[in-house]
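A short worksheet on the structure shown next.
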Amino acid sequence: MSAFGQAAAAEWVKLRSVRSTAVTLAAFAFTAAALGWAASSSVGEGDLDDPLVAVAMGLLVGQLLLITFAVTVVGSEYSTGTIRASLAAVPSRGRFFAAKMAAVGLAVGGAALAVELAVFALVQAVVGDLAVEWTAWSTIEMLLGSWIHLTLLSVFAASIAVMARSTVWPLAILLPVLFLSGQGLGNLEAVKPVVQYFPDQVGQVIMHMTVPGDPQFGRPYGPWEGIAILVLWTAAALAGGWLSMRRRDS
Amino acid sequence: MIEVSNLTKRYRGGIAVDDLSFTVEPGRVTGFLGPNGAGKSTTIRLILGLDRPTAGRAAIGGRPYGSIERPLTAVGTLLEAGDLHPGRSARAHLQWLARSNGIGARRVEEVLEATGLAAAARKKAKALSLGMKQRLGVAAALLGDPGVLILDEPVNGLDPEGVVWIRNLMKRLAAEGRTVLVSSHLMAEMALTAEHLVVIGRGRLLADLPTEAFIASHAESGSGASLEEAFMRLTSGAVEYRSGGAR
């Protein structure tokens, strides 16, 4: 096995060997399913006729737990002191960082895919006649985009935690921002020009939470342009995390 | 062999390691002595590449630690025994370390057995006593069957039986031809274990000599108490109490 493969395998063992991994990811599944189910009962009433919006609502609340997971995985290395053992075992900072991010990405990516499919199936069952065609491109695009959004946003958060070398600070900043945007911060006229480009916001178009032309909630970018902006955010955070990892003493 | 050459580490607040040079030879236990805050732990972190030196270099077998492939198979280290995830079992801690360096799963069971942790292998780190955490740290250091061992204050928290155990273990490892560097702030303990001493204070080298020579030159009798006094005299000018700790 390559040196990177060994480092990544070690990170995977670390994830699997603490209970908080299973607990946090199960909480994500439960929250996304519960909120998705609650929202699906409103589909067909009022303005809401797209069951995929109910799926997105569940996932967007559930993402708070994925962010918590990603930040905790990194932050616990620093709070427990295992970072010293980790870097003694894998002295290449770049290799260690890449292995850590790969493990976070893989765990979140796997959980996100399984959960979003389950929530989608649940919502489809609840809405009955209003169910969407699951082979339609708009459905596949939404599910694919949601998966990319959840996975990249978690890697983004994990990179921020590397820069902060802590669990508390990244969560104290990221969770309120993510929670407020769920409450519509990105739609407030005064801050929208800037906030709509925040990493948690740019996935909203592909997740059917808004459409480009909408007078109030509309965005000046399309679904995949939004994902491209998220890729840029994630790349920037990864670069920052890598630089921070390389430069600083542990 | 460990070579430290003109190693210097400056922090914003001051200097932790100051132009330090010494060599640790294989086949004997070398005690790395100094009062708390003398720079022992910083020196060890510099040797392991965890901290970056301001100047100078450290090499193990002629190479900087960071350039050693599968470093756990060359150098075993015990840093702080508490550096464990509280929710991870002793066995899982060793398993991830083993994976990271391509060490087989069977070796994990061997070191658990060798350190007396086999029965506690499934216990989470938070349920381990300090003495058991030290044993787990030793198990981690032995995992890759390395030729060089660097142990930072390994007797901390051990009961008398554990102290004797680790003393004999270090002597045996050195007798097998390995390089063993053991830091301590307890002169009396080192007098029983180490054949050679490297003494530092305020980050500077104070003495680098065989333990017997140290005893002959600094103390009238061989009792631990007077050795401790000799050590205190040697380091008295070099003790610095820092409010911010030694980090």
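Heavy atoms only: backbone and side chains are in, while hydrogens, waters and symmetry mates are out. This one's a predicted model, so the numbers in the text were calculated from it and none came from an experiment.
Only the backbone of L84(B) comes within contact range of chain A, with at least one heavy atom under 4.5 Å from a heavy atom of that chain. Heavy atoms closer than 4.5 Å to chain A are found in the side chain of K9(B), but not in its backbone. The parts of S86(A) that come within reach of chain B are both its backbone and its side chain, each placing non-hydrogen atoms under 4.5 angstrom from that chain. R16(A) does not touch chain B: none of its heavy atoms, backbone or side chain, sits under 4.5 Å away. Contact of S92(A) with chain B is not made at all, since no heavy-atom distance falls under 4.5 Å.
When all heavy atoms of V4(B) and I47(B) are compared, the closest pair comes out as CG2-CD1, 3.9 Å.
In terms of heavy-atom pairs under 4.5 angstrom with chain A, the leader among A125(B), P71(B), S67(B) is P71(B). By number of non-hydrogen pairs under 4.5 angstrom with chain A, the leading residue of R91(B), R88(B), R52(B), E69(B) is R88(B).
Here E11(A) does not pair with R99(B) in a salt bridge; the nearest charged N to carboxylate O distance is not below 4.0 Å. Contact check on D51(B) versus R84(A) returns no salt bridge, with no Lys/Arg side-chain nitrogen under 4.0 Å from an Asp/Glu carboxylate oxygen.
Within the 3.5 Å criterion, the main-chain N or O of M190(B) finds no donor-acceptor partner in the side chain of T193(B). Judged by distance alone, with hydrogens and angles left aside, the side-chain atoms of R93(A) form a donor-acceptor pair with the main-chain N or O of R248(A) at under 3.5 Å.
In this structure, F198(A) and W233(A) have perpendicular ring planes: the angle between them is above 60°, well past the 30° mark.
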